[in-house]
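Since the structure comes first, as structure tokens, the remarks are kept for the end.
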Amino acid sequence: MGNIKRKTFSWLTAIILLVSYAIPFSGQASAETVMTVQQAIENNSGTATVEGYIVGHARGTNSYNYEAPFGDDYNFLMADIAGETDPAKLLPVQIKSSFRSEFGLKTNPDIVGKKVQVAGSLEAYFTVPGLKSPTSMQFADGSGGEPGAPGEPKPPAVTGLNIHDIQGEGHVSPYKDKEVAGVSGVVTRIEGTNAFFMQEPEDDGNPNTSEAIYVYKKAHGLTVGDRVEVGGLVKEWVLDGYSEKLQTDLAMTEINATAVRKLASGLELPEPVIIGQDRIIPTEIIDNDQFSVFDPSEDGIDFYESLEGMRIGVDGPQVVGPQKYGEVPVIANKVEGKVYSPQGGILLTEESSNPERMFLLIDRDFVAKAGDRFNGLVTGVVSYGYSNYKILVDQETLPELIESDLIEDVVALEYKENKLTIASYNIENFSAETSAAKTSRIADSMINNLQTPDIIGLVEVQDNDGQIASGSADASQSYQALIDEIIAQGGPAYRWTDIAPEYNEDGGAPGGNIRVGYIYNPERVQLKEAPKGTATDAVAYENGDLTLNPGRIDPQNPIFEDTRKPLAAEFVFKGQEVIVIANHFNSKGGDDPLFGVTQPPVLDSEVKRIEIARLLNEFVAGIHEEDSKANVVVLGDLNDFEFSEPIEVLVNGQLTNMVETLPEGERFTYNYQGNSQVLDHILVSNHLADQTEADIININSLYMEEHGRASDHDPVMVQIHLNNGQSQCPDKIGKGPEKKNQDNGKHLGHDKKGKACGYDKAG
């Protein structure tokens with residue numbers, strides 16, 4: 001009977017345990033239960049272990065901070081999703097003094113995004129559901145991987161491995177999520193107090209495997225030149241980037257060390273691999289096999305992976321773009337067949353995204369522009385962050401930067417009294433609140449570099465108070481601030497026109513209300529009279545004119561949600577009418593990066609630009625259908641390249657892109673991560689193409705503010721000879737009947753149909 005009773009008890013115990021796991025939160029929680037953050041919030045009593053991501057710091061009740069610097073080491077915020085900011089989904093966690101050295105955010109801001117398990121008391125903290133009096137805190141295998149079952153023994157560590165064995169021939173370690181022990185190397189770079197890179201002193205002769213690895217270990221206490229032996233868990237971990245939420249960035253192979261033993265100190269570092277000599281970098285392909293074949297000799301993304309963590313060198317690299325975020329884009333040397341700008345940049349083409357571009361991570365105070373060159377060997381360690389491989393430069397041995405001559409670019413189009421000049425200029429979030437220095441630079445560029453175009457289509461004009469959430473989208477003071485500065489510097493008294501967007505409906509920085517608009521020289525051109533449209537009115541073309549002037553094209557079309565609407569305006573020059581349409585297509589935000597986890601990159605944003613381009617093309621086609629000789633100019637920041645599908649759809653039998661008439665080396669208006677590229681365009685009716693000349697004035701994109709740049713875009717300009725028909729309007733301003741218009745200006749004559757040709761005030 002005794003045995004029967006023991007068996008009965010054993011079965012009952014098993015059933016009770018099963019029930020307890022199936023219904024873990026009926027009543028108070030227990031410390032053995034591993035909860036999600038949401039479960040801990042909903043069942044905030046008793047004791048439990050909670051698993052989630054560290055996302056920020058609590059300064060007070062519902063006063064949360066998600067970015068360093070953090071005010072103290074007393075708490076952190078947990079969430080089920082890395083990057084979560086919804087207060088209702090956050091669990092404030094108290095940090096006892098014994099855990100602060102490792103888990104306090106003031107001391108360890110880099111642990112934001114890490115996955116942790118915390119055991120403690122579920123109770124109110126900062127008056128919201130929280131976790132206090134923790135009894136244990138630990139990183140969940142250091143990476144966010146699922147922890148093992150409670151009480152499950154760890155498998156034995158793998159020993160006898162070299163670093164190249166762990167790295168393997170590929171982007172993912174063959175020992176991912178396995179414990180390793182006795183892995184040795186020389187410390188080549190210290191990354192704060194919690195991480196370092198180490199490398200095998202000797203190369204194994206296989207160019208497909210890296211000899212170096214990143215090691216994460218709190219308070220490691222090491223210095224460069226130490227010989228160490230490491231044991232811990234091998235992980236694929238995104239060190240610094242967008243991956244947790246957007247899942248776009250590549251991971252680095254790392255050892256999340258539980259043991260580090262110093263064997264020696266003061267050793268010489270392994271010799272750097274010299275790019276262009278020891279290893280030849282691919283110059284055409286980033287990836288053409290979706291990671292199915294690891295081929296560092298052909299695919300740029302595989303090439304950098306084969307050097308992950310290793311010391312490399314670049315001898316006399318040439319800078320191909322301005323320093324940004326501390327990154328200086330460079331190339332080791334020029335390659336036959338590639339397109340380079342006269343100033344020293346490298347151009348993005350339909351054939352190549354230039355995988356040979358490397359990014360020297362120096363610091364944000366470093367001043368460099370395209371065309372500069374380092375006078376000697378630049379060395380550093382290959383890492384990855386924010387969608388690109390980076391070279392973490394040895395700053396103490398960084399050679400001198402030899403600066404190239406700064407040659408100011410002036411428009412090559414010679415002024416002609418009888419030719420109309422039109423420019424497109426993205427002036428980068430300009431408002432009346434913009435600094436006097438930037439306002440002065442923009443005005444100076446319009447006067448001296450562009451030689452005062454007759455019409456300037458402006459992009460990224462913000463409302464009067466910039467990004468202050470005032471509720472007003474009016475930009476009259478912004479335009480006037482620029483016009484006044486142009487006058488002060490000796491330029492013409494431009495006038496302006498635009499249509500203010502509905503508040504916060506056109507995208508851009510919240511509160512800024514960026515829009516497209518125009519300034520024009522009334523001594524040269526006039527805005528033809530017609531009622532001015534509103535933010536929601538749709539302009540049409542009827543009886544040879546725009547029904548609204550200016551007017552927005554189909555502004556209530558859903559395709560323009562959170563996007564700037566095209567603005568059409570009809571001007572009169574020397575009796576000839578010209579319709580100018582200013583644009584700012586949706587940005588490339590959300591597209592996959594060139595060196596990301598998805599190959600080839602998916603360009604989600606392009607779909608919208610294609611539809612906008614199609615709509616715009618149809619509007620232009622409607623004008624040409626009614627009047628085949630109508631003069632139409634389409635301009636603006638179209639956020640795509642001259643060879644892209646959106647631009648092809650926009651052209652589609654109606655327009656000629658004047659950018660494509662320029663030499664290849666001059667076709668760029670923007671520099672993104674070292675790639676010079678065209679984002680800003682001017683297109684004209686096909687019948688105007690032979691009468692139009694174009695120029696891009698490269699005064700901004702290759703430079704930093706220290707070099708005098710006024711914006712992040714270069715202006716584009718055309719000069720048009722409008723001689724395709726007899727003048728419809730009087731040549732002299734003021735000729736013909738005059739009367740007041742809706743803006744209290746005067747008509748500037750009438751055509752033979754009795755329509756007013758223009759008026760002398762707008763806004």
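The ring-ring contact (aromatic ring centres under 6.0 Å, His included) search around Phe366 returns Phe374, not counting sequence neighbours. With sequence neighbours left out, the side chain to side chain donor-acceptor pair (under 3.5 Å) criterion links Glu606 to no other residue. For Asn429, the side-chain contact (heavy atoms from CB on, under 4.5 Å) criterion is met by Glu460, Gln462, Ile514, not counting sequence neighbours. Judged as a ring-ring contact (aromatic ring centres under 6.0 Å, His included), and not counting sequence neighbours, Tyr494 has no contacts. For Tyr503, there are no ring-ring contact (aromatic ring centres under 6.0 Å, His included) partners two or more places apart in sequence or in a different chain. For Gln318, the side chain to side chain donor-acceptor pair (under 3.5 Å) partners two or more places apart in sequence, or in a different chain, are Arg373. The side-chain contact (heavy atoms from CB on, under 4.5 Å) check on Glu67 picks up nothing, with sequence neighbours excluded. The ring-ring contact (aromatic ring centres under 6.0 Å, His included) search around His713 returns Tyr670, not counting sequence neighbours.
Residue pairs that meet the ring pair (Phe, Tyr, Trp, His ring centres under 6.0 Å) test with at least one member in residues 410-459, sequence neighbours left out, do not exist here. For residues 456-487, the set of pairs meeting the ring pair (Phe, Tyr, Trp, His ring centres under 6.0 Å) definition, not counting sequence neighbours, comprises Tyr479-Trp496. Pairs engaging residues 444-458 under the salt bridge (charged side-chain N to carboxylate O under 4.0 Å, His left out) rule: Asp454-Arg524 [sequence neighbours left out]. Listed by first and then second residue, the salt bridge (charged side-chain N to carboxylate O under 4.0 Å, His left out) pairs that reach into residues 659-685 come to none, sequence neighbours excluded.
Considering only heavy atoms from C-beta on, Leu616 comes within 4.5 Å of Ile581 through its side chain. Between Pro329 and Gln673 the shortest side-chain heavy-atom distance does not fall below 4.5 Å. Taking the side chain as every heavy atom from C-beta outward, Glu408 and Asn449 approach each other to under 4.5 Å. Annotation: side chain of Glu428 is in contact with side chain of Lys438 (closest heavy-atom distance under 4.5 Å). Between Asp545 and Lys528, some side-chain heavy-atom pair lies under the 4.5 Å cut-off.
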Assess the residue pair Val632 and Ser685 against the criterion (side chain to side chain contact (heavy atoms under 4.5 Å, CB included)); give the C-alpha distance rounded to whole Å, side-chain angles, the decisive distance to 0.1 Å, and a yes or no.
CA-CA 5 Å; Val632 180; Ser685 298; 3.3 Å; yes
Side chain to side chain contact (heavy atoms under 4.5 Å, CB included) between Ile519 and Ile486, intermediate numbers included:
CA-CA 11 Å; Ile519 59 174; Ile486 293 172; 4.1 Å; yes
Let me see the working for Leu638 and Leu650 under side chain to side chain contact (heavy atoms under 4.5 Å, CB included), right down to the final yes or no.
CA-CA 10 Å; Leu638 305 185; Leu650 176 59; 3.7 Å; yes
Report the C-alpha distance between Glu417 and Lys574 in whole Å, list the side-chain angles of each, state the deciding distance to 0.1 Å, and finish with yes or no for side chain to side chain contact (heavy atoms under 4.5 Å, CB included).
CA-CA 10 Å; Glu417 172 66 27; Lys574 302 291 184 182; 2.6 Å; yes
Could you walk me through whether Tyr518 and Phe571 satisfy the ring-ring contact (aromatic ring centres under 6.0 Å, His included) test, starting with their C-alpha distance in whole Å, then the side-chain angles of each, then the deciding distance to 0.1 Å, before giving a yes or no?
CA-CA 11 Å; Tyr518 301 94; Phe571 295 93; 5.6 Å; yes
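Residue Gln395 qualifies as enclosed at atom CD: its count of foreign heavy atoms under 6.0 Å is above 12. Within a 6.0 Å sphere centred on CG of Asn418, other residues, nucleotides and ligands contribute more than 12 heavy atoms.
Using a cut-off of 4.0 Å between Lys/Arg side-chain N and Asp/Glu carboxylate O, Asp506 and Arg552 are scored as salt-bridged.
Side-chain N/O atoms of Ser701 and Asp714 include a donor and acceptor closer than 3.5 Å. Judged purely by distance below 3.5 Å, without hydrogens or angles, the side chains of Asp474 and Ser472 never pair a donor atom with an acceptor atom. Thr563 and Asn586 share no donor-acceptor pair across their side chains, judged by distance under 3.5 Å alone.
Cation-pi contact between Lys588 and Phe641: present, with separation from the ring centre below 6.0 Å and deviation from the ring axis of at most 45°.
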